[in-house]
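Just so it is clear, the model here is predicted, and its values are computed rather than measured.
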Amino acid sequence: MLHTVVPPQGSVPSSPEPYYLPSGAEVSIFAHCHALELAVMLKGPTGCGKTRFVEHMAWKLKRPLITISCHDDLSASDLIGRFLIRHDGTAWQDGPLTRAVREGAICYLDEVVEARQDTMVVLHSLTDHRRSLPIDKTGESLVAAPGFLLVISYNPGYQRMLKDLKPSTRQRFVALDFDFPPASREAAIIERESGTDHGTAMALVSLGQRLRALRDRGLAEVPSTRLLIAAAALVVSGIPIRQACLSAVVSPLSDDEALVSAMRDLVDATFV
């Protein structure tokens with residue numbers, strides 16, 4: 001799945017600034033990596049703001065952004081490109097990674113460990129001094145245009161027992177660690193993104209923290225800030241808060257009856 005936002009090279013993005021509330025030095029470090037042409041790796045749980053951070057930084061640095069959501073079937077050809085058969089012969093079509101290299105865009109591979117292993121090999125020459133992308137099918141060896149930056153992300157907590165990056169790959173990146181923000185900061189984000197009031201935002205944060213404690217009881221994915229924002233948006237639209245939490249937070253997290261029952265109890269305890 002590919003989502004592309006590519007303004008013309010050198011232009012200033014006209015869209016509003018993507019909202020992002022910094023929690024440390026991540027904005028400064030990312031900007032320095034961009035200036036120094038150092039590849040960046042974002043590590044953290046699902047829904048904690050990694051993608052929004054990249055969108056914010058692309059806007060701040062005035063660079064085009066190409067986002068690629070990685071999956072099991074994503075191959076090197078999907079990234080680099082392929083020859084297409086047309087009525088008048090064959091024609092080469094650049095893949096999203098190749099377009100980013102040519103245009104000097106920020107290329108963001110979300111949940112990169114989900115992609116096939118041959119995909120990771122393709123990235124290696126872009127993460128060192130060469131900053132090049134060999135295209136075997138056309139015989140080209142592209143040197144990245146000024147402004148190009150490779151960014152990858154993954155969730156180490158979820159994927160540690162399933163897939164992980166090889167140490168030789170990890171050492172090619174500057175790593176930024178992300179996590180769910182402190183309660184007051186997370187509440188401010190929920191208020192800003194959903195339009196809810198402060199009391200509701202704080203109550204949802206309290207619920208989120210209680211539910212996250214269930215990780216030790218077998219909950220594979222804990223509620224993200226994104227889910228709490230969805231629940232808050234439902235409340236703002238008129239849905240009762242308990243129902244909003246059950247639909248937007250509890251149900252997406254698990255189908256296990258015992259876990260769902262435990263989460264329902266926490267919802268009831270939070271909104272008495």
Side-chain angles (χ1 to χ4, degrees), residues 1 3 5 15-24 26 42-56 59 67 69 71 108 110-111 114 153-159 177-272:
M1 183 176 179
H3 173 62
V5 180
S15 58
E17 178 180 1
Y19 176 73
Y20 177 77
L21 190 60
S23 59
E26 68 270 25
L42 310 181
K43 300 158 50 183
T46 300
C48 70
K50 300 188 297 295
T51 298
R52 176 61 64 88
F53 170 69
V54 177
E55 293 171 350
H56 173 80
W59 185 94
T67 299
S69 297
H71 52 80
Y108 175 46
D110 188 21
E111 302 297 354
E114 295 293 340
S153 75
Y154 77 110
N155 178 354
Y158 173 67
Q159 291 156 330
D177 292 294
F178 285 72
D179 204 345
F180 301 118
S184 59
R185 191 176 296 270
E186 188 167 32
I189 294 170
I190 293 170
E191 286 183 63
R192 170 62 169 73
E193 294 291 274
S194 69
T196 193
D197 60 88
H198 181 69
T200 299
M202 286 301 298
L204 287 168
V205 169
S206 176
L207 173 64
Q209 291 179 333
R210 292 180 176 188
L211 292 176
R212 287 165 190 163
L214 293 178
R215 184 194 296 272
D216 295 334
R217 294 179 56 182
L219 191 61
E221 283 280 3
V222 298
S224 64
T225 303
R226 180 167 54 224
L227 287 186
L228 300 180
I229 291 170
L234 287 176
V235 173
V236 170
S237 72
I239 300 297
I241 193 164
R242 284 187 179 85
Q243 184 58 58
C245 290
L246 293 176
S247 298
V249 181
V250 173
S251 291
L253 290 176
S254 179
D255 295 319
D256 182 271
E257 291 185 7
L259 283 172
V260 169
S261 177
M263 288 190 286
R264 284 176 174 270
D265 290 343
L266 289 175
V267 170
D268 291 338
T270 303
F271 302 104
V272 293

| query | Is Glu17 atom CD crowded by more than 12 heavy atoms from other residues, nucleotides or ligands, each under 6.0 Å away? | reply | yes

So, [X] side chain and [Y] main chain: donor-acceptor pair closer than 3.5 Å or not?
| X | Y | value |
| --- | --- | --- |
| Ser251 | Leu246 | yes |
| Arg52 | Tyr19 | yes |
| Lys50 | Pro45 | yes |
| His56 | Pro18 | yes |
| Ser237 | Leu234 | yes |
| Thr196 | Glu191 | no |

Determine whether [X] and [Y] make a side-chain contact, defined as any pair of heavy atoms from C-beta on separated by less than 4.5 Å.
| X | Y | value |
| --- | --- | --- |
| Glu193 | Thr225 | no |
| Thr67 | Val54 | no |
| Glu111 | Ser69 | no |
| Ile189 | Pro181 | yes |

| Would Tyr154 and Lys43 satisfy side-chain contact (heavy atoms from CB on, under 4.5 Å), going step by step from the backbone distance to the final call? | CA-CA 5 Å; Tyr154 77 110; Lys43 300 158 50 183; 3.7 Å; yes

Any chance you could measure [X], atom [atom1], to [Y], atom [atom2], to the nearest 0.5 Å?
| X | Y | atom1 | atom2 | value |
| --- | --- | --- | --- | --- |
| Cys245 | Leu227 | SG | CG | 10.5 Å |
| Met263 | Leu214 | CE | CG | 7.0 Å |
| Leu21 | Phe53 | CG | CZ | 12.5 Å |
| His198 | Ile190 | NE2 | CD1 | 10.5 Å |
| Phe180 | Arg226 | CZ | CZ | 9.0 Å |
| Leu207 | Gln209 | CG | CD | 10.0 Å |

Over all heavy atoms of both residues, which pair between [X] and [Y] is shortest? Give the atoms and the distance, please.
| X | Y | answer |
| --- | --- | --- |
| Cys48 | Phe178 | SG-CB, 3.6 Å |
| Ala244 | Ala231 | CB-O, 3.7 Å |
| Ser194 | Ala232 | OG-CB, 3.3 Å |
| Ser254 | Leu219 | CB-CD1, 4.1 Å |
| Pro223 | Arg212 | O-NE, 2.9 Å |
| Ala262 | Arg217 | CB-NH2, 4.0 Å |

| request: Please identify each residue that fulfils side chain to side chain donor-acceptor pair (under 3.5 Å) with Thr270, with sequence neighbours left out. | output: Arg210

| remark: Contacts of Arg192 meeting salt bridge (Lys or Arg N to Asp or Glu O under 4.0 Å) (sequence neighbours excluded), chain-then-number -> none

| field | Test salt bridge (Lys or Arg N to Asp or Glu O under 4.0 Å) applied to Glu26 - qualifying residues, sequence neighbours left out | value | none

| side chain to side chain contact (heavy atoms under 4.5 Å, CB included) partner of Val249, the single match among Val267, Leu266, Leu228 | Leu228

| query | So Thr51 and Ser153, side-chain contact (heavy atoms from CB on, under 4.5 Å) or not? Walk me through it. | reply | CA-CA 8 Å; Thr51 298; Ser153 75; 5.7 Å; no

| said: Is there a side-chain contact (heavy atoms from CB on, under 4.5 Å) between Glu186 and Leu204? Walk through the geometry before answering. | reply: CA-CA 10 Å; Glu186 188 167 32; Leu204 287 168; over 6 Å; no

